[in-house]
Amino acid sequence: MNRFFAVILFILIASWCFAQNQHNNLDRNMPETYVVTTLNQQELQRVSERFSIDRVSRNADGDYTVRICVAKKDYAAFEALNYPFSISTPAKANVSMATTYAQLVQSWNKYPTYSTYMDAMRTFQTQFPDLCKIDTILANTPGGHALLVAHISNTLNDRGTKPSFFYTSTMHGDEPVGYVMMLHLIHYLLNNYETDANVRYVVDNVDLWICPLENPDGTYHMSDNTLNQSPTSTRYNYNEEDLNRSYPWAGRDETRPSYEPEVQAMMLFGAAHPFVMSANMHGGAEVVNYPWDIWGSNQRPHADTQWWKRESRMFADTCHKQSNWYMHDLSNGVTQGADWYAITGSRQDYFNYYLHCREFTLELSTEKVVSSNTLPTYWNYMRSSLLNYIKESLYGFSGVVTDSVTGAPIEAMGFVENQECDNSFVYSHLPAGDYHRPIKGGIYEVTFSAQGYYPKTLTMSVYDGQTLVQNVALVPILDEVEDRMQEVRVYPNPTNDNVQIRNSMCKIDRVEVYDMMGRMVKSETADDYSMVMDVKDCVPGQYMLRIVTGKGTRMEKIMVTKKR
């Protein structure tokens, strides 16, 4: 027995010494360090909430081999976990830098210096002023760079009823493959507009926005004239924060004193543009990652999961047609985010949840930085997929919502009955009043509603890869008599207890309570002209009541106050 305890003591001491030696390998002069460790499921969950995980694989014993990027400011916190680990030091890629615009576009086999990037964006606008305008998302990052976006359209000053689409890349600065792909895409669209019917179709029908570099401070961490694997380029931004963990969490009333400048700027930019679809690009794997990052598919699947599976499968399969070895990670190139590994605060989840967008994440290369001479190969693999995904924003339901009396466009909610959840519904947007709802082929009941108008429910049928144009004219509540006939009374409002819903003209079928993030928190059925909804358990704040009657659907806002 004593010998047994001696062996156990030896193992514990050896493990502690091993861990201490590994911790000593964290170079305090490094801005960040990639480490590899093995964690069980509970440990993985805890670590993913505190540190940035970028690679996870499940072992035969059920544990996980995990790669973690530890920022310099987090070294002490990571050491306190006392997990044995090894340093992950990938071989540097063979990188050549383009120092002029001509060098960049000659063969697309070089990465741009920062000044070349800026020159390229200016040149796109100068050479194609009728098709491209360069706008600024953030003029000055903490590291003294700019976040630029190329706006591409044949109607730059009037979106009309076109769906808006957004591509971004490299919010992790050491993942620059997408950076070059997006510059190449801009160049390709502009230079082939006159001769390529597919390109012309995209530019003429989609309001396209492309931000090639979302984290310039990380990409050009060491110098504006070079980039490569970390720490030459860094995953984190200037403030050592992971931009893809820094957005508001989907489904939570999260408030922070401030957001990273790049994140704040991107949130404002997204709110200012009615993006129908979008994608953000990374490196370190080859897979299409569809929502959600915070919830697994068995927890809270996206309302449009079947549509997402189709879109993701199409993107990966189109890549497979170009190469039988590319884009095959996880489920043959496709994964649901949190089924791979869960994260909080992702850009993908923010755009989908808070902006009613359809965004997925593209992991473009197994190595974060690939050798320069292979960049054209990656472009050939994914070019068709990139173009096809843009065109998908044209399919599904679309149209214009107007006032039936004046013909003026209006803002309205489009709600697919028995499907919407977690803010998946869409709105029509001014000045044109257009709405766009990508959706899996099928037959749906869709209700359009706006304050001051009678709701209208329409049956819509659409096939995959096709568009149903359905314009909607909502009838305004014109006079006091007509208003009373359709009046729904909600009182008391505000309330801290119960709310009474009464309709004197027709029976109430169902009432649903939604928080201001679009999450349904209560639902009750009825078969009467009035009903009482208990809201005592609701967190104080504003809510929307969705009241379903025999004559349609009505939305009413209520305020739940604190209990006295």
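- In this structure a side-chain-to-backbone donor-acceptor pair under 3.5 Å is present from Gln348 to Thr361.
- Applying the salt bridge (Lys or Arg N to Asp or Glu O under 4.0 Å) rule to Glu359 yields the partners Arg347; only residues at least two apart in sequence or on another chain are considered.
- Arg159 approaches Ser164 most closely through the heavy-atom pair CD-OG, 3.2 Å.
- In this structure, the side chain of Ser233 does not engage the main chain of Ser230 through any donor-acceptor pair within 3.5 Å.
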From CA spacing to verdict: salt bridge (Lys or Arg N to Asp or Glu O under 4.0 Å), Lys440, Asp304 | CA-CA 7 Å; Lys440 186 78 173 65; Asp304 294 317; over 6 Å; no

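- Sorted by first and then second residue, the pairs that involve residues 172-191 and meet salt bridge (Lys or Arg N to Asp or Glu O under 4.0 Å), not counting sequence neighbours, are Glu175-Arg235, Glu175-Lys368.
- In this pair, Tyr389 and Phe360 present their aromatic rings parallel. The plane angle is below 30°, not in the 30 to 60° band.
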Under the ring pair (Phe, Tyr, Trp, His ring centres under 6.0 Å) criterion, do Tyr83 and Phe78 qualify, and how do the steps go?
-> CA-CA 8 Å; Tyr83 293 138; Phe78 180 75; 7.1 Å; no

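- Atom CG of residue Leu208 and atom NE2 of residue His151 lie 8.0 Å apart, to the nearest 0.5 angstrom.
- Nearest approach of Phe85 to Thr37, heavy atoms of both residues: CB-CB, 4.2 Å.
- Trp308 and His302 have perpendicular rings, their planes meeting at more than 60° on a 0 to 90° scale where under 30° would count as parallel.
- Looking at residues two or more places apart in sequence or on another chain, you find no salt bridge (Lys or Arg N to Asp or Glu O under 4.0 Å) involving Asp349.
- For residues 127-147, the set of pairs meeting the side-chain hydrogen bond (donor to acceptor under 3.5 Å, both in side chains) definition, not counting sequence neighbours, comprises Thr141-Asp217, His145-Asp217, His145-Asp224.
- No donor-acceptor pair closer than 3.5 Å links the side chain of Asn228 to the backbone N or O of Thr232.
- Ring geometry for Phe351 against Phe275 counts as parallel: the plane angle stays under 30°, on a 0 to 90° scale with 60° as the upper cut.
- Ring geometry for His328 against His320 counts as parallel: the plane angle stays under 30°, on a 0 to 90° scale with 60° as the upper cut.
- Residue pairs meeting the side-chain hydrogen bond (donor to acceptor under 3.5 Å, both in side chains) criterion with at least one member in residues 102-115, sequence neighbours excluded: Thr99-Gln103, Thr113-Ser115, Thr113-Thr116.
- Here salt bridge (Lys or Arg N to Asp or Glu O under 4.0 Å) pairs that include residues 32-50, with residues two or more places apart or in two chains, are Arg50-Asp74.
- Aromatic ring pairs are classed by plane angle as parallel below 30°, tilted from 30° to 60° and perpendicular above 60°; the pair His184 and His187 is perpendicular.
- Ring-plane geometry between Tyr247 and Tyr350 is classed as tilted, the angle between the planes lying from 30 to 60 degrees on a 0 to 90 degree scale.
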